[in-house]
Amino acid sequence: MINGIWLFFVAFGIGYSALAGNIDQVTSSILKGAELGVGVSLGLISILVFWLGIVKIAEKAGLIDKLSILLSPIAKFLFPEIPKNHPAMGYILSNMSANMLGIGNAATPLGLKAMEELQKLNKNKEVASKAMCTLLALNTSSITLIPTTIIGLRLKFESADPTEIVFTTIFATLISTFVAISVDKYYRRKERHIY
């Protein structure tokens, strides 16, 4: 599906350039885009390395454990079907913590490990469990306290105030998380009434 969408965009762009008489600019645009992509990626690597270092220090200092303990009641509310002390809960809490710090790249492997553990608990392996759906909704809407990646991009493109989006990001992600949890809970209750 995604490959088809990308193929459509590429073919449409080249076709439009040909019709507009700018076909000679396609190659230079592709090279400029690739150069920009590499530059942005390298800029993001330094920010990710910095924040992963901070997270590692926080982990060694016991801050992640304390944050996990703090988030534990919320996680139990969101994932009531996960048994106590199950490895999935540890990955979920770490994933939530990483997302709150805006480290999406660090949160992704933790989310994948959580999904792997949740699949072990899933009775019907062909269909996503309620906990898996909740985790996905939470991941896509997660509260972000420090939008690290966006700040990095704004720094890269020389924004006058790269951190000015922090409060609006917190506000927007609070709303998105509230909506995601509300919809998730609604469908859980609806499903319970059906069966």
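Note that the structure is predicted; figures quoted are calculated from it, not measured.
Distance alone, capped at 3.5 Å, places no donor-acceptor pair between the S142 side chain and the N139 backbone. The backbone N or O of A131 lies less than 3.5 Å from a partner atom in the side chain of E81, making a donor-acceptor pair. A donor-acceptor pair under 3.5 Å is formed between the side chain of T173 and the backbone N or O of I170. In terms of modelled atom types and a separation under 3.5 Å, the side chain of D184 and the main chain of C133 share no donor-acceptor contact.
Ring geometry for F12 versus Y16: interplanar angle under 30°, hence parallel rather than tilted (30 to 60°).
Residue S141 comes nearest to A137 through the heavy atom pair OG-O, 2.8 Å, listed as atom of the first residue, atom of the second, then distance. Taking every heavy atom of both residues into account, I165 and P147 meet most closely at CD1-CG, 4.1 Å. Of all heavy-atom pairs spanning I92 and I82, the tightest one is CD1-CD1, 3.6 Å.
Atom CD of residue E164 and atom OG of residue S159 lie 5.5 Å apart, to the nearest 0.5 angstrom. Annotation: the span from N95 atom CG to L135 atom CG amounts to 6.0 Å, rounded to 0.5 Å. Atoms CD and CE, on E117 and M89 in that order, are 12.5 Å from each other to the nearest 0.5 Å. Interatomic distance, CG of L121 versus NZ of K130, reported as 14.0 Å (0.5 Å rounding). Distance CZ/R188 to OG1/T134: 3.5 Å, rounded to 0.5 Å. The CE atom of M115 sits 5.5 Å away from atom CE of M132, with the distance rounded to the nearest 0.5 Å.
In the hydrophobic clustering of ILVMFWY residues, with side-chain heavy atoms under 4.5 Å counting as a link, F8 and M1 come out together. Put simply, F77 and L93 are part of the same group of oily side chains (I, L, V, M, F, W, Y) that touch within less than 4.5 Å, one to the next. In the hydrophobic clustering of ILVMFWY residues, with side-chain heavy atoms under 4.5 Å counting as a link, F9 and L31 come out apart. Side-chain heavy atoms closer than 4.5 Å link hydrophobic residues (I, L, V, M, F, W, Y) into clusters, and following such links, possibly through other members, connects V179 to Y186. Under the 4.5 Å side-chain heavy-atom criterion for grouping Ile, Leu, Val, Met, Phe, Trp and Tyr, L112 is not connected to M96 through any hydrophobic cluster.
Within 6.0 Å of atom NZ in K32, 12 or fewer heavy atoms from other residues, nucleotides or ligands are found, so the atom counts as exposed in its surroundings.
Remark: N22 engages no residue in a side chain to side chain donor-acceptor pair (under 3.5 Å) (not counting sequence neighbours). Residues satisfying the side chain to side chain donor-acceptor pair (under 3.5 Å) test with D161, not counting sequence neighbours, are T163.
Side-chain contact between I14 and I23 is present, with at least one heavy-atom pair separated by less than 4.5 Å. With contacts defined as side-chain heavy-atom distances shorter than 4.5 Å, the pair I175/F171 qualifies. A 4.5 Å side-chain heavy-atom check between I181 and L138 finds at least one atom pair inside the cut-off.
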